[in-house]
Amino acid sequence: MTRAAVHPVAGQGGGATLPRHVAIIMDGNGRWAKARFLPRLAGHKRGAEAVRATVKAAAEMGIEALTLYAFSSENWRRPADEISDLMGLLRHYLGQELDALHGNGIRLRIIGEYHRFGPDLVKMLDEAMARTAPNTGMTLAIALNYGAQDEIVRAVRSIVADGVAPEAIDMEAIEQRLDTNGLPPLDLLIRTSGERRLSNFLLWQAAYAELLFVDTLWPDFGAEALAEAVADFGRRERRYGGL
Ligand code: FPP
């Protein structure tokens with residue numbers, strides 16, 4: 001059976017095919033700052049502005065879900081001051097943007113093991129998710145302390161903990177236990193800054209996603225770059241293993 005038969009496929013928006021679920025590996029903040037002789041934090045700040053512009057544009061286009069890789073489980077290897085800068089930015093972004101997200105009907109979702117962050121940030125995230133849960137617009141999923149292999153391990157643990165019989169384990173049983181459960185299938189995965197790796201992001205979900213690697217550094221990404229990416233997606237032919 002093809003995946004297209006299992007899941008509804010990318011929708012039609014204004015005549016062109018619109019991806020239902022777009023994910024982005026936001027890369028290149030550090031290089032953006034370095035090229036301007038600025039501290040890395042300046043790059044992350046501009047990166048947060050790019051997040052704002054991209055979220056707004058995605059919602060306006062009618063994309064159903066946007067998943068952003070904000071902090072990977074490997075990012076703990078960065079210097080402590082950069083980690084706390086990133087957490088500070090996230091807190092600032094949420095504090096500043098939550099009303100606007102909510103006002104635009106956007107539902108916030110956090111994927112990954114975010115409970116490893118400080119209790120105040122966890123509380124803030126939980127409250128933001130609870131407040132926006134009834135919204136019916138785009139879902140904005142932010143990946144925090146996320147690693148796809150870890151996500152799959154957690155799903156397998158949950159299957160075992162639930163006592164599922166081996167013959168009852170199917171793709172559905174796994175998908176239901178992934179952090180992305182309930183989101184539309186991933187159609188388009190974008191990585192900025194010229195790197196061509198998945199870096200442990202949405203490995204299961206990317207099975208049939210179109211991959212797009214762009215040279216743009218994340219702080220330079222925004223509405224225009226997203227529109228180009230979506231147009232590129234619309235030109236691709238997806239066969240899901242068929243002819
Ligand atoms: C990659 O650039 C970017 C990150 C590791 C963090 C992304 C975080 C933000 C955009 C800020 C806040 C997040 C939200 C959701 C508001 P890099 O540091 O790896 O760049 P480099 O590869 O050029 O060094």
Side-chain angles (χ1 to χ4, degrees), residues 22-59 63 65-102 104 106-114 116-118 120-122 124-129 132 138-148 179-180 189-202 213-223 225-226:
V22 177
I24 309 180
I25 302 176
M26 308 181 288
D27 198 6
N29 294 348
R31 277 162 286 164
W32 183 94
K34 196 173 175 201
R36 288 162 181 78
F37 307 101
L38 294 169
R40 292 179 62 80
L41 176 58
H44 293 316
K45 280 187 177 159
R46 285 296 288 261
E49 286 174 31
V51 167
R52 186 175 190 277
T54 305
V55 168
K56 182 168 179 278
I63 288 169
L66 176 69
T67 301
L68 302 176
Y69 209 0
F71 195 90
S72 77
S73 42
E74 286 75 34
N75 284 152
W76 295 106
R77 295 188 197 129
R78 294 194 177 202
D81 60 342
E82 182 166 351
I83 295 175
S84 81
D85 281 348
L86 283 169
M87 294 304 115
L89 264 182
L90 180 69
R91 196 170 291 140
H92 182 74
Y93 173 88
L94 266 187
Q96 196 171 276
E97 297 297 323
L98 188 60
D99 285 345
L101 293 174
H102 191 51
N104 283 291
I106 294 173
R107 199 174 358 201
L108 182 74
R109 177 125 165 210
I110 305 297
I111 66 168
E113 287 271 71
Y114 70 99
R116 198 176 147 190
F117 294 115
D120 57 328
L121 185 54
V122 170
M124 193 175 184
L125 294 168
D126 284 339
E127 284 173 1
M129 278 191 281
T132 60
M138 185 180 82
T139 297
L140 170 63
I142 299 181
L144 290 176
N145 192 23
Y146 174 88
D179 296 347
T180 50
L189 192 155
I190 305 168
R191 182 173 190 147
T192 60
S193 91
E195 309 286 348
R196 288 157 187 256
R197 289 186 294 277
L198 292 185
S199 298
N200 203 14
F201 190 47
L202 303 178
F213 301 100
V214 295
D215 289 333
T216 313
L217 302 175
W218 176 252
D220 292 325
F221 203 89
L226 182 69

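We count ligands from 1, going down the list as the structure has it; atoms in each ligand are counted the same way. Values below: every heavy atom of this structure, side chains too, minus hydrogens, waters and symmetry copies.
Residue pairs meeting the side-chain hydrogen bond (donor to acceptor under 3.5 Å, both in side chains) criterion with at least one member in residues 213-223, sequence neighbours excluded: Trp32-Asp220.
For Arg197, the salt bridge (charged side-chain N to carboxylate O under 4.0 Å, His left out) criterion is met by Glu195, not counting sequence neighbours. Qualifying salt bridge (charged side-chain N to carboxylate O under 4.0 Å, His left out) partners for Arg107, counting only residues two or more places apart in sequence or in other chains: none.
Remark: Arg91 engages Asp120 in a salt bridge, criterion side-chain N to carboxylate O under 4.0 Å.
Although no hydrogens or angles enter the test, the distance criterion places a donor-acceptor pair under 3.5 Å between the side chain of Asp179 and the main chain of Gly112.
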Inset, instruction - Please lay out, stage by stage, how Tyr146 and Asn75 fare under the test side-chain hydrogen bond (donor to acceptor under 3.5 Å, both in side chains). - result: CA-CA 9 Å; Tyr146 174 88; Asn75 284 152; over 6 Å; no
Tabulate distances under 3.5 Å between N/O atoms of ligand 1 and N/O atoms of the protein, writing both atom names on each line.
{"residue": "ligand 1", "atom": "2 (O)", "partner": "Gly28", "partner atom": "N", "Å": "3.4"}
{"residue": "ligand 1", "atom": "2 (O)", "partner": "Asn29", "partner atom": "N", "Å": "3.2"}
{"residue": "ligand 1", "atom": "18 (O)", "partner": "Arg40", "partner atom": "NH2", "Å": "2.7"}
{"residue": "ligand 1", "atom": "18 (O)", "partner": "Arg78", "partner atom": "NH1", "Å": "2.8"}
{"residue": "ligand 1", "atom": "19 (O)", "partner": "Asp27", "partner atom": "OD1", "Å": "3.3"}
{"residue": "ligand 1", "atom": "19 (O)", "partner": "Arg78", "partner atom": "NH2", "Å": "2.8"}
{"residue": "ligand 1", "atom": "20 (O)", "partner": "Gly28", "partner atom": "N", "Å": "3.4"}
{"residue": "ligand 1", "atom": "20 (O)", "partner": "Asn29", "partner atom": "N", "Å": "3.2"}
{"residue": "ligand 1", "atom": "20 (O)", "partner": "Gly30", "partner atom": "N", "Å": "2.9"}
{"residue": "ligand 1", "atom": "22 (O)", "partner": "Asp27", "partner atom": "OD1", "Å": "3.1"}
{"residue": "ligand 1", "atom": "22 (O)", "partner": "Arg31", "partner atom": "NH2", "Å": "2.9"}
{"residue": "ligand 1", "atom": "23 (O)", "partner": "Gly30", "partner atom": "N", "Å": "3.3"}
{"residue": "ligand 1", "atom": "23 (O)", "partner": "Arg31", "partner atom": "N", "Å": "2.7"}
{"residue": "ligand 1", "atom": "23 (O)", "partner": "Arg31", "partner atom": "NE", "Å": "2.8"}
{"residue": "ligand 1", "atom": "24 (O)", "partner": "Arg40", "partner atom": "NH1", "Å": "3.1"}
{"residue": "ligand 1", "atom": "24 (O)", "partner": "Arg40", "partner atom": "NH2", "Å": "3.2"}

